[in-house]
Amino acid sequence: MVERLTLNDGGVIPQLGLGVWQVPAADVSAVVGHALAAGYRHIDTAAAYGNEEGVGEALRGSALAREDVFLTTKVWNGDHGRDRALAACRKSLQRLDVEWVDLLLIHWPVPSAGKYVDAWEGLIAARDAGLARSIGVSNFNPDHLERIIDSTGVVPAVNQIELHPGFMQPSLRAFHAQHGIVTEAWSPLGQGQVLRDPAVLETAGAVGRTPAQVVIRWHLQLGNIVIPKSVTPSRIEENFDVDGFSLSHEQMEALASLTGSRIGPDPATFSFGA
Ligand code: NDP
């Protein structure tokens, strides 16, 4: 049973979902369809992933009501600015063929463009218009978070950040805890690299589960939202089958002690597409 976390605006989000970055547009409907059949009720996409249409197709093809699936999308770097962000949200809704998303995020802060506060105002407008039930950000550092909060008084519900054993972002997570922002982990499996780590393999052996199940359980016990991606049906099922065991304090610490580094871009400088 997937836990549901309550957000600072009263919304509830299933703690485990499926991420679809790099899932080809031609395949995404089948991949998401398989995940929904396996029990997933939370899908994470983005305008920049180029696969929103297929995500919508899978939702329509399932027997599930729109209310039963938590859907996240993101506003891309070229759409900062209040009106552009609002228009980008409307275009995402059209591609997804839905009336609202459950969570709308600013994908990256793009500090060099200097428009993320305006983009945040666009997301507030989207929420006020009923186009997004909750709003948040992705890849925001504490200084970016402070700026949007100070400028608008609206605290993001979520910050979706790179987070996996070996790259735990402790100071950013502490900032989230202080401000009631839920931490959502992207590349939670370290894009697969973490699954080969000896400490992960040893823990998996000790609890009789797979390395991916152990890493997902680690995120859940930390309180993170976790959105592992897979196009492989058996892995989609495996990643959802994380009940019935828990990690001890020592096992949690063993994974937290991995050495590693950031895999993705640095949010302070990333400006692709702006
Ligand atoms: P993940 O950490 O989820 O790793 C995905 C990789 O792990 C794929 O190669 C997948 O292979 C493999 N994998 C998945 N499950 C297993 C398993 N059980 N055993 C072995 N290998 C496995 O990386 P992502 O970078 O995709 O991150 C997840 C999601 O986070 C994205 O899809 C996206 O939604 C979000 N994200 C957000 C970003 C942002 O800027 N906001 C940036 C990056 C990601 P295969 O698919 O071949 O099965």
Side-chain angles (χ1 to χ4, degrees), residues 13-25 27-28 30-32 34-35 38 40 42-52 54-55 70-77 92 101 103-110 116 136-141 144 156 158-169 172 182-197 200-201 204 209-219 224-242 255 258 260 262-274:
I13 181 168
Q15 208 183 346
L16 173 60
L18 178 80
V20 297
W21 179 44
Q22 292 180 318
V23 180
D27 302 337
V28 77
V31 166
V32 172
H34 189 80
Y40 286 76
H42 171 180
I43 308 295
D44 181 88
T45 185
Y49 300 169
N51 58 19
E52 290 174 308
V55 171
F70 192 100
L71 186 56
T72 300
T73 196
K74 314 185 190 88
V75 171
W76 186 233
N77 297 346
S92 280
V101 287
L103 181 61
L104 181 66
L105 305 178
I106 301 177
H107 208 144
W108 293 88
V110 197
Y116 60 83
V137 294
S138 179
N139 300 301
F140 273 45
N141 287 337
H144 310 133
V158 162
N159 189 14
Q160 185 182 116
I161 57 170
E162 179 175 347
L163 207 176
H164 41 79
F167 190 68
M168 287 186 65
Q169 307 233 47
L172 184 49
V182 170
T183 301
E184 179 164 18
W186 65 252
S187 294
L189 309 176
Q191 298 184 1
Q193 295 171 27
V194 165
L195 306 180
R196 295 186 288 275
D197 186 278
V200 173
L201 292 169
R209 306 300 287 245
T210 69
Q213 289 170 329
V214 161
V215 173
I216 292 166
R217 175 52 54 195
W218 178 84
H219 281 285
N224 300 333
I225 301 169
V226 56
I227 46 169
K229 169 264 181 185
S230 179
V231 294
T232 313
S234 61
R235 288 176 174 175
I236 291 172
E237 292 164 31
E238 173 188 329
N239 294 350
F240 197 70
D241 178 20
V242 290
L255 266 66
L258 260 63
R262 190 191 287 289
I263 298 171
D266 183 346
T269 52
F270 186 66
S271 63
F272 186 75

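Keep in mind that what you see is a predicted model, and the values were worked out from it rather than measured. Worth knowing before you read on, the calculation uses all heavy atoms, side chains too, and leaves out hydrogens, waters and symmetry mates. When a ligand or atom number is given, it counts from 1 through the structure's own listing order.
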Result for side chain to side chain contact (heavy atoms under 4.5 Å, CB included) between Pro165 and one of Leu195, Leu258, Leu189, Val214 points to Leu258
Within-4.5 Å side-chain heavy-atom neighbours: Gln22 and Val231 = no
Quick one: are Ile225 and His42 in side-chain contact, heavy atoms under 4.5 Å?
-> yes
[atom] - nearest protein heavy atom and its distance:
atom: atom 33 (C) of ligand 1; value: Tyr49 OH, 3.4 Å
atom: atom 25 (O) of ligand 1; value: Ser187 OG, 2.7 Å
atom: atom 29 (C) of ligand 1; value: Ile227 O, 3.3 Å
atom: atom 2 (O) of ligand 1; value: Leu189 N, 2.8 Å
atom: atom 36 (N) of ligand 1; value: Trp186 CB, 3.4 Å
atom: atom 15 (N) of ligand 1; value: Asn239 ND2, 3.0 Å
atom: atom 37 (C) of ligand 1; value: Gln160 OE1, 3.1 Å
atom: atom 31 (C) of ligand 1; value: Trp21 CB, 3.5 Å

Close-contact set for ligand 1 against [X] heavy atoms, below 4.0 Å:
X: Thr232; answer: 45 (P), 47 (O), 48 (O)
X: Trp108; answer: 40 (O)
X: Asp44; answer: 33 (C), 34 (O), 35 (C)
X: Gly190; answer: 2 (O)
X: His107; answer: 39 (C), 40 (O), 41 (N)

Does [X] reach ligand 1 with a nitrogen or oxygen that is under 3.5 Å from one of the ligand's nitrogen or oxygen atoms?
X: Pro228; value: no
X: Leu195; value: no
X: Val231; value: yes
X: Ala212; value: no

Any donor-acceptor N or O pair under 3.5 Å, side chains Glu52, Thr45 | no
Does the side chain of His34 come under 3.5 Å of the side chain of Glu237 through a donor N or O and an acceptor N or O?
-> yes
Thr210 OG1 to Ile216 CD1 distance, which is reported to the nearest 0.5 Å = 7.0 Å
Hey, looking at atom 21 (N) of ligand 1, which of Glu238, Lys229, Arg235 has the closest heavy atom?
-> Arg235
Touching ligand 1 at all, Gly264? Heavy atoms, strictly under 4.0 Å?
-> no
[X] side chain to [Y] backbone, donor-acceptor under 3.5 Å:
X: Glu162; Y: Ile263; value: yes
X: Asn239; Y: Pro228; value: no
X: Asn77; Y: Phe272; value: yes

Exercise: identify the closest heavy-atom pair between Gly273 and Trp76 | CA-NE1, 3.9 Å
Where is the tightest heavy-atom contact between Lys74 and Tyr49, given as atom of each residue plus distance?
-> NZ-OH, 3.0 Å
How far apart are the C-alpha atoms of Asp44 and Gln160, what are their side-chain angles, what is the distance that settles it, and do they pass the side-chain contact (heavy atoms from CB on, under 4.5 Å) test?
-> CA-CA 10 Å; Asp44 181 88; Gln160 185 182 116; 2.8 Å; yes
Between Leu105 and ligand 1, find which residue part has any heavy-atom pair under 4.0 Å and reply side chain, backbone, both or neither.
-> neither
